[in-house]
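In listed order, ligands and their atoms are each counted from 1.
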Amino acid sequence: MYMEEINLHDKAFVPYLTEVEIQNAICDIATQINAAYEGKEVLFLSVLNGAFMFTSDLMKKITLPCEISFIKVSSYLGTESTGRVDELIGLNTSVSGKHVIIIEDIVDTGITIDKVIKLLEMQNPATIEVCATLFKKVAYQGQHPPRYFGFEIPNKFVVGYGLDYDQLGRNLPAIYQVKN
Ligand code: 5GP
């Protein structure tokens with residue numbers, strides 16, 4: 001498909017990664033995961049909303065026995081002493097003793113993934129790894145960099161393939177970068 005510049009709300013975006021490039025990267029990731037977890041069962045935890053498209057495409061290429069669950073991190077104001085409290089919403093299966101792979105759209109600062117992992121570790125999984133379509137390594141400040149990712153990208157805002165700009169653009173099959 002020929003990719004052209006697009007507009008979402010007040011911003012223009014230019015083509016950055018094509019559908020073919022993304023699908024090839026997903027095949028590579030699936031090959032790595034299928035090999036690394038051979039003989040094991042995996043629990044994939046997809047972080048909504050952004051990871052829905054990546055999750056769907058990746059899961060079709062996974063040949064391991066696996067569970068798939070969709071989660072969200074919610075941060076609410078607790079008591080004065082607890083301050084802000086993070087909780088995982090949607091986790092409908094036990095994590096204890098399982099090989100967990102978290103599926104994210106993009107790892108940027110790494111704050112979201114660190115929160116998810118902190119909450120999951122309370123349930124004593126056997127292993128936890130992170131898998132993401134995109135990794136903004138230059139912006140990363142977290143403790144758990146993605147073990148599997150499609151592309152390392154610069155610190156510029158992107159949309160498409162599940163990623164939104166103020167709720168628009170998630171349906172685009174390719175990835176676009178904000179135009180300067
Ligand atoms: P982090 O906690 O790693 O800084 O951010 C993770 C979340 O921020 C991602 O799951 C995504 O929802 C959002 N995010 C970070 N960078 C971008 C970007 O370039 N474009 C879009 N659309 N969302 C982003």
Side-chain angles (χ1 to χ4, degrees), residues 3-19 21-23 25-26 29-30 33 43-59 68-78 83-91 95 100-122 125 128-180:
M3 290 169 72
E4 288 176 340
E5 188 175 315
I6 55 160
N7 292 292
L8 299 171
H9 298 297
D10 58 337
K11 286 197 197 312
F13 293 85
V14 291
Y16 185 58
L17 295 166
T18 65
E19 274 186 82
E21 288 170 320
I22 296 167
Q23 295 304 324
I26 291 171
I29 294 173
I33 292 176
L43 168 59
F44 288 97
L45 294 181
S46 170
V47 184
L48 292 174
N49 294 327
F52 78 96
M53 209 178 268
F54 177 42
T55 304
S56 165
D57 287 340
L58 178 66
M59 287 304 102
I68 306 163
S69 192
F70 294 86
I71 57 170
K72 272 192 174 189
V73 200
S74 147
S75 175
Y76 64 91
L77 207 52
R84 290 209 79 82
V85 180
D86 297 317
E87 72 172 346
L88 281 184
I89 301 177
L91 187 63
V95 164
V100 176
I101 299 180
I102 300 167
I103 306 180
E104 254 287 32
D105 48 3
I106 181 168
V107 177
D108 183 1
T109 64
I111 290 169
T112 310
I113 282 297
D114 279 3
K115 281 182 186 174
V116 172
I117 291 181
K118 197 172 162 205
L119 293 164
L120 290 172
E121 276 175 344
M122 294 176 190
I128 303 187
E129 296 290 358
V130 177
C131 170
T133 314
L134 305 173
F135 183 26
K136 281 187 184 166
K137 201 173 177 182
V138 281
Y140 188 71
Q141 303 161 26
Q143 307 295 316
H144 306 89
R147 172 83 176 76
Y148 308 99
F149 59 90
F151 306 90
E152 188 182 314
I153 65 165
N155 197 5
K156 284 184 85 172
F157 191 78
V158 288
V159 293
Y161 199 68
L163 289 153
D164 73 309
Y165 170 46
D166 199 7
Q167 299 310 325
L168 292 183
R170 291 193 199 278
N171 57 312
L172 297 164
I175 295 175
Y176 295 74
Q177 190 179 59
V178 72
K179 192 178 174 182
N180 283 328

*Checking side chain to side chain contact (heavy atoms under 4.5 Å, CB included) for the pair L17/V158: CA distance, chi angles, key distance, verdict?*
CA-CA 10 Å; L17 295 166; V158 288; over 6 Å; no
*Sequence neighbours excluded, which residues qualify as ring pair (Phe, Tyr, Trp, His ring centres under 6.0 Å) partners of F13?*
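Applying ring pair (Phe, Tyr, Trp, His ring centres under 6.0 Å) to F13 gives Y165.
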_Can a donor-acceptor pair be found, under 3.5 Å and without considering hydrogens, that links the side chain of D105 to the backbone of L163?_
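Flag not set: sc D105 to bb L163 has no pair under 3.5 Å.
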*Using atom types as modelled and distance alone, determine if a side-chain donor or acceptor of H9 lies under 3.5 Å from a backbone N or O of D166.*
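Answer holds: yes.
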*Before signing off on this row, confirm whether D164 and ligand 1 have an N or O atom pair separated by under 3.5 Å.*
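Among all N and O atoms of D164, at least one is under 3.5 Å from an N or O of ligand 1.
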*Heavy-atom gap G110 to ligand 1 smaller than 4.0 Å*: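 Heavy atoms of G110 do come under 4.0 Å of ligand 1.
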_Looking at ligand 1, is there an atom of it that comes within less than 4.0 Å of some heavy atom belonging to F157?_
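Right, F157 reaches ligand 1.
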*For ligand 1, which part of D105 has a heavy atom less than 4.0 Å away: the side chain, the backbone, both, or neither?*
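Side chain only.
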Using a strict cut-off of 4.0 Å, indicate which atoms of ligand 1 neighbour a heavy atom of [X].
X    : value
K136 : 16 (N), 17 (C), 18 (C), 19 (O)
T112 : 1 (P), 2 (O), 5 (O), 6 (C)
E104 : 10 (O)
L163 : 21 (C), 22 (N), 23 (N)

*Quick one: nearest non-hydrogen protein atom to atom 15 (C) of ligand 1, plus distance?*
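Here the closest protein heavy atom is D108 OD2, 3.3 Å.
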*asked:* Checking a contact table here: which protein heavy atom is nearest atom 1 (P) of ligand 1, and how many Å away?
replied: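 In this structure, atom 1 (P) of ligand 1 has T109 OG1, 3.3 Å as its nearest protein heavy atom.
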*Can you find a protein heavy atom under 4.0 Å from atom 8 (O) of ligand 1?*
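No, because not a single protein heavy atom sits under 4.0 Å from atom 8 (O) of ligand 1.
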*asked:* Do F44 and C131 have side chains that approach each other closer than 4.5 Å (heavy atoms only, starting at C-beta)?
replied: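 Counting from C-beta outward, F44 and C131 never come under 4.5 Å.
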*Taking the side chain as every heavy atom from C-beta outward, state whether N155 and D108 have any atom pair closer than 4.5 Å.*
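SC-SC contact between N155 and D108 confirmed.
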*If every non-hydrogen atom of Y16 is compared with every non-hydrogen atom of P154, which pair is closest and at what distance?*
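Minimum heavy-atom contact is OH-CD, 3.2 Å.
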*Do you know the tightest heavy-atom contact between L91 and L45?*
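Nearest heavy atoms, L91 then L45: CD1-CD2, 3.5 Å.
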*Check each of N49, I106, V178, V158 against atom 14 (N) of ligand 1 and report the one with the nearest heavy atom.*
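It is I106 that holds the nearest heavy atom.
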